[in-house]
Amino acid sequence: MAADTNASLATNFGIEAYLNMQFFDLLHEVRDLKECATFVPFIPNSGSATVKLRFVQPVDTMTAPGEDTSSAIVNLTTANVTLTIAKYNLKRSIAELAFMTGEIAFAPLLRSFLKSVVYERSKLISALSTGFTGNTGAGTTLTPLSVDAIFSAKFALEIALASGVKHAMLKPKAFTEFQSSLRQETLTLLTQKPANQDLLVAGDLSTPVYDFYGIMIHPHDSVPTSGSDYVGAMVADSAIFLSEAPVSAFTQGWDINPQAIPGQNALIVQDVSTSAEGSYTWICKYYPGVAEGIDSAGVKITSIVA
């Protein structure tokens, strides 16, 4: 008679598989593009969800009218941009029985909310890449990204007098094309600079930003696609503005015990209306506003998708 085996005993004595109680993440984007935007605080209780940003040209040509001669008045050159706060939510609902059996826990839900807030903010910022028209775009349609294209974007911003640190938002595939182009450079300062050699080192998502001659390069999966091209961008100060309504403005006095997400202007609230159904529901609430600022402070960077 054959011996009892794992397979023969599985029906009554065993289970098909036991659960490893650790949760492993599927592949996802965790990097943040917040640094690519100019942050302006949102003032609560100000009577509007829209912020008006004012711009003024501080430099004008002076005249030399001569002694004892009146001067003509030169009016200020002004402009403005409006930035409107909007609601973004992420809702999760888990049955009580799923919690009791250990199929899910609250910790993975909390991590999901946190990472989703970061991704949504980054997506709102990178989506503005396609709107920069004040400068001639860098890169070529249906062509891999190159070191030359990055320099072209940098030069365009410098010619436009865009100030501050330059941030390049690139699709991960476009970033690998940039790395490949850098690898093919001959023995020049580009390849001799230690920081540029680090660009070719196998990195991971714990390295969210790469320094290339003072250009902060941000690979991010949310960079948009237009037809057969990715459309990234290089931006300087005031190219993109970001504001977030502070959750502290409405966390007091609620019966549903809202919990602020550490390090983020977002919160989690419990929807008690689902308790009668034998389930628990949480809603992550986030109120950002993103807008293009000075158009010439940004430049599109085009590269091929395929």
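These numbers were taken from a predicted model, which means no experiment stands behind them.
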Check whether any side-chain N or O of [X] sits under 3.5 Å from a backbone N or O of [Y] as a donor-acceptor pair, and report yes or no.
{"X": "Gln264", "Y": "Ala266", "answer": "no"}
{"X": "Arg31", "Y": "His218", "answer": "no"}
{"X": "Lys87", "Y": "Tyr287", "answer": "no"}
{"X": "Lys173", "Y": "Ala306", "answer": "yes"}
{"X": "Thr274", "Y": "Asp271", "answer": "yes"}
{"X": "Ser8", "Y": "Asp4", "answer": "no"}
{"X": "Ser181", "Y": "Val147", "answer": "yes"}

Side-chain heavy-atom pair [X], [Y] within 4.5 angstrom cut-off:
{"X": "Leu33", "Y": "Arg121", "result": "no"}
{"X": "Thr130", "Y": "Leu128", "result": "no"}
{"X": "Leu142", "Y": "Asp229", "result": "yes"}
{"X": "Ile240", "Y": "Phe132", "result": "yes"}
{"X": "Ile150", "Y": "Met234", "result": "yes"}
{"X": "Pro41", "Y": "Ser243", "result": "no"}
{"X": "Met62", "Y": "Asp60", "result": "no"}
{"X": "Ile94", "Y": "Ser279", "result": "no"}

Do other residues, nucleotides or ligands put more than 12 heavy atoms under 6.0 Å from the [atom1] atom of [X]?
{"X": "Asn6", "atom1": "CG", "result": "no"}
{"X": "Lys123", "atom1": "NZ", "result": "no"}
{"X": "Phe42", "atom1": "CZ", "result": "yes"}
{"X": "Tyr18", "atom1": "OH", "result": "no"}

Test log, rule salt bridge (Lys or Arg N to Asp or Glu O under 4.0 Å), inputs Lys115 and Asp25: CA-CA 11 Å; Lys115 293 180 178 180; Asp25 289 343; 2.9 Å; yes

Cluster question for you: counting only ILVMFWY and a side-chain heavy-atom cut-off of under 4.5 Å, with indirect links fine, are [X] and [Y] together?
{"X": "Phe151", "Y": "Leu170", "answer": "yes"}
{"X": "Val118", "Y": "Leu267", "answer": "no"}
{"X": "Tyr213", "Y": "Leu182", "answer": "yes"}
{"X": "Met169", "Y": "Tyr119", "answer": "no"}
{"X": "Ile43", "Y": "Val51", "answer": "no"}

Going from [atom1] on [X] to [atom2] on [Y], what distance comes out if it is rounded to the nearest 0.5 angstrom?
{"X": "Ile125", "Y": "His167", "atom1": "CD1", "atom2": "NE2", "result": "10.5 Å"}
{"X": "Glu244", "Y": "Tyr286", "atom1": "CD", "atom2": "OH", "result": "3.5 Å"}
{"X": "Lys166", "Y": "Asp237", "atom1": "NZ", "atom2": "CG", "result": "8.0 Å"}
{"X": "Thr140", "Y": "Ile304", "atom1": "OG1", "atom2": "CD1", "result": "11.0 Å"}
{"X": "Phe178", "Y": "Tyr210", "atom1": "CZ", "atom2": "OH", "result": "11.0 Å"}
{"X": "Glu103", "Y": "Thr101", "atom1": "CD", "atom2": "OG1", "result": "3.5 Å"}

side-chain contact (heavy atoms from CB on, under 4.5 Å), paired with Lys171, selected from Leu145, Ile301, Asp221: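 Passing option: Asp221.
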
Can you tell me which residue among Leu110, Ile283, Leu90, Leu109 is in a side-chain contact (heavy atoms from CB on, under 4.5 Å) with Ile268?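 Only one option passes, and that is Leu110.
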
Please list, one pair per line, the donor and acceptor atoms closer than 3.5 Å that link side chains of residues 64-84 to other protein atoms, with sequence neighbours excluded.
| unit_1 | atom_1 | unit_2 | atom_2 | d |
| --- | --- | --- | --- | --- |
| Thr69 | OG1 | Glu67 | O | 3.1 |
| Thr84 | OG1 | Thr50 | OG1 | 3.0 |

Are Val290 and Phe241 close enough, and set up right, to give a side chain to side chain contact (heavy atoms under 4.5 Å, CB included), and what steps lead you there? CA-CA 6 Å; Val290 176; Phe241 284 92; over 6 Å; no

Can you name the nearest heavy-atom pair linking [X] to [Y], along with the distance?
{"X": "Ala239", "Y": "Ala297", "result": "CB-O, 3.4 Å"}
{"X": "Asn135", "Y": "Ala160", "result": "OD1-CB, 3.6 Å"}
{"X": "Pro246", "Y": "Asn265", "result": "CA-OD1, 3.1 Å"}
{"X": "Ser296", "Y": "Gly134", "result": "OG-CA, 4.0 Å"}
{"X": "Met21", "Y": "Gly102", "result": "CE-O, 3.5 Å"}
{"X": "Ile294", "Y": "Phe55", "result": "CG1-CE2, 3.7 Å"}

Answer with yes or no after comparing the ring centroid distance for His220 and Phe175 against a 6.0 Å cut-off, counting only values under it. no

Proximity of Phe113 and Trp282 rings by center, below 6.0 Å: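 No, too far apart.
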
Do Ser112 and Arg92 have side-chain atoms, one donor and one acceptor, less than 3.5 Å apart?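 On atom types as modelled, these side chains qualify, holding a pair under 3.5 Å.
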
Going through the checks in order, is the side chain to side chain contact (heavy atoms under 4.5 Å, CB included) test met by Glu29 and Ser222? CA-CA 8 Å; Glu29 178 65 83; Ser222 69; over 6 Å; no

Run the numbers on Ser129 and Lys300 for side chain to side chain contact (heavy atoms under 4.5 Å, CB included), then give the verdict. CA-CA 6 Å; Ser129 295; Lys300 289 190 288 189; 5.6 Å; no

What pairs with Ser180 under side chain to side chain contact (heavy atoms under 4.5 Å, CB included), at least two apart in sequence or on another chain?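 By the side chain to side chain contact (heavy atoms under 4.5 Å, CB included) rule, Ser180 matches Arg183, Gln184.
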
Could you please spell out the steps behind the side chain to side chain contact (heavy atoms under 4.5 Å, CB included) verdict for Val117 and Ile261? CA-CA 9 Å; Val117 166; Ile261 297 180; 4.3 Å; yes

